[in-house]
Amino acid sequence: LLFQILGAVILGFGIWILADKSSFIAVLQMSSPSLKTGAYVLIGVGALTMLMGFLGCLGAVNEIRCLLGLYFTCLMVILVTQVAAGLVIYFQKERLKEELSHIVGKLIQNYDPLNDDERNLQDAWDYVQTQIACCGWTGAKDWENNEILINQNMTAYPCSCSNSSKDLQMDSGFCNLDVLVNSTATSADWPVHEQGCMDGVEKWLKDNLGVILGVCTGVGVIELLGMILSISLCKNIHSEDYTKVPKS
């Protein structure tokens, strides 16, 4: 039953990644095919875990050794896969950070409020900057590469970056800077948050690292206990002496 619930949670998380349109996850899954693939993997693992939980219950209740053996094998494969995935993420974290930097940099450079084709992606990034109170990936200077702002001599800035109370109602597009016509400016002149979103995301991960590790450890322990239980049941079924059952 625990694994059926766990499978449903994993399945729901995978579906949420694909369906989410208003967070940092949306920015990644629209820009990075690897995250989409990961979401489909989560959906597959969730469905497999639910099926595995059902087979485990069926095998335990009816004392069917082959189902318990299949349950043990699936648990072992999932546990090994989780450990391998964790190691890959740990050793590839710099590469992942570089990929994220490239994705967000391209998004900022091509950001255009009038481009309806990229509206969902741009709205998702605006949402991230508003919620985390950040600007750009490494800082507001990233927005100096935006083609529209370059054409306007940096006399406008992204509204979702603003730290000014007058822009609270504007959470997307560009806001005009109060400067003289034909003047030039830089990102240092904008009333925006100084923190880059990379620092904000890293801070969130650090703040929630204990919870993430706790959940991963808890899931691993539950899987290990499930493997031990299934083996114990298999041995118990194998050792039953049915010759002692009285004949009717």
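Atom OH of Y71 and atom CZ of F54 lie 13.5 Å apart (nearest 0.5 Å). A distance of 5.5 Å separates CH2 in W143 from CD in Q129, rounded to the nearest 0.5 Å. Separating the CG atom in D142 from the OG atom in S187 is a distance of 9.0 Å, to the nearest 0.5 Å. To the nearest 0.5 Å, atoms SG (C57) and CG (L67) are separated by 11.0 Å. Rounding to the nearest 0.5 angstrom, the gap separating the CG atom in L75 from the CD1 atom in I222 is 11.0 Å. One distance of note links OG1 of T73 with CG of L68; it measures 10.5 Å at 0.5 Å rounding.
Residue V128 is grouped with residue M198 when hydrophobic side chains (ILVMFWY) are merged at heavy-atom distances under 4.5 angstrom, including chains of intermediate members. In the hydrophobic clustering of this structure, M76 groups with I78; members are Ile, Leu, Val, Met, Phe, Trp, Tyr whose side-chain heavy atoms approach within less than 4.5 Å, directly or through other members. A single hydrophobic cluster is seen to contain both L51 and L58, as judged by linkage of ILVMFWY side chains at heavy-atom distances under 4.5 Å, directly or through other members. A single hydrophobic cluster is seen to contain both I148 and M154, as judged by linkage of ILVMFWY side chains at heavy-atom distances under 4.5 Å, directly or through other members.
Partner Y157 forms a side-chain contact (heavy atoms from CB on, under 4.5 Å) with one of D189, N146, L177 and no other, that one being L177.
Distance alone, capped at 3.5 Å, places no donor-acceptor pair between the Q195 side chain and the C135 backbone. Using a distance-only test at 3.5 Å, with no hydrogens or angles considered, a donor-acceptor pair links the side chain of T155 to the main chain of Q152. Judged purely by atom type and a 3.5 angstrom limit, N176 has no side-chain atom pairing as donor or acceptor with the backbone of A156.
Y127 is not listed as a side-chain neighbour of S160, based on a closest heavy-atom distance of 4.5 Å or more. In this structure the side chain of E144 never reaches within 4.5 angstrom of the side chain of L149, judged on heavy atoms. A heavy-atom distance below 4.5 Å is found between the side chains of P158 and W190. Between W137 and W125 there is a side-chain heavy-atom pair separated by less than 4.5 Å. The shortest side-chain heavy-atom distance between N115 and R119 does not fall under the 4.5 Å cut-off.
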Solution key, residues 225-232 side-chain donor-acceptor pairs under 3.5 Å, sequence neighbours excluded:
unit_1 : atom_1 : unit_2 : atom_2 : d
S230   : OG     : G226   : O      : 3.2
S230   : OG     : M227   : O      : 2.8
S232   : OG     : I228   : O      : 2.9

Identify every side-chain donor-acceptor pair in residues 104-113 under 3.5 Å, counting partners at least two apart or on other chains, and give the distances.
unit_1 : atom_1 : unit_2 : atom_2 : d
N110   : ND2    : K106   : O      : 3.2
Y111   : OH     : D126   : OD1    : 3.3
Y111   : OH     : D126   : OD2    : 2.6
Y111   : OH     : G173   : N      : 3.0
D112   : OD1    : L114   : N      : 3.0

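A pairwise comparison of heavy atoms in A140 and V192 identifies CB-CG2, 3.8 Å as the closest pair.
Cysteines C134 and C161 keep their SG atoms at least 2.5 Å away from one another.
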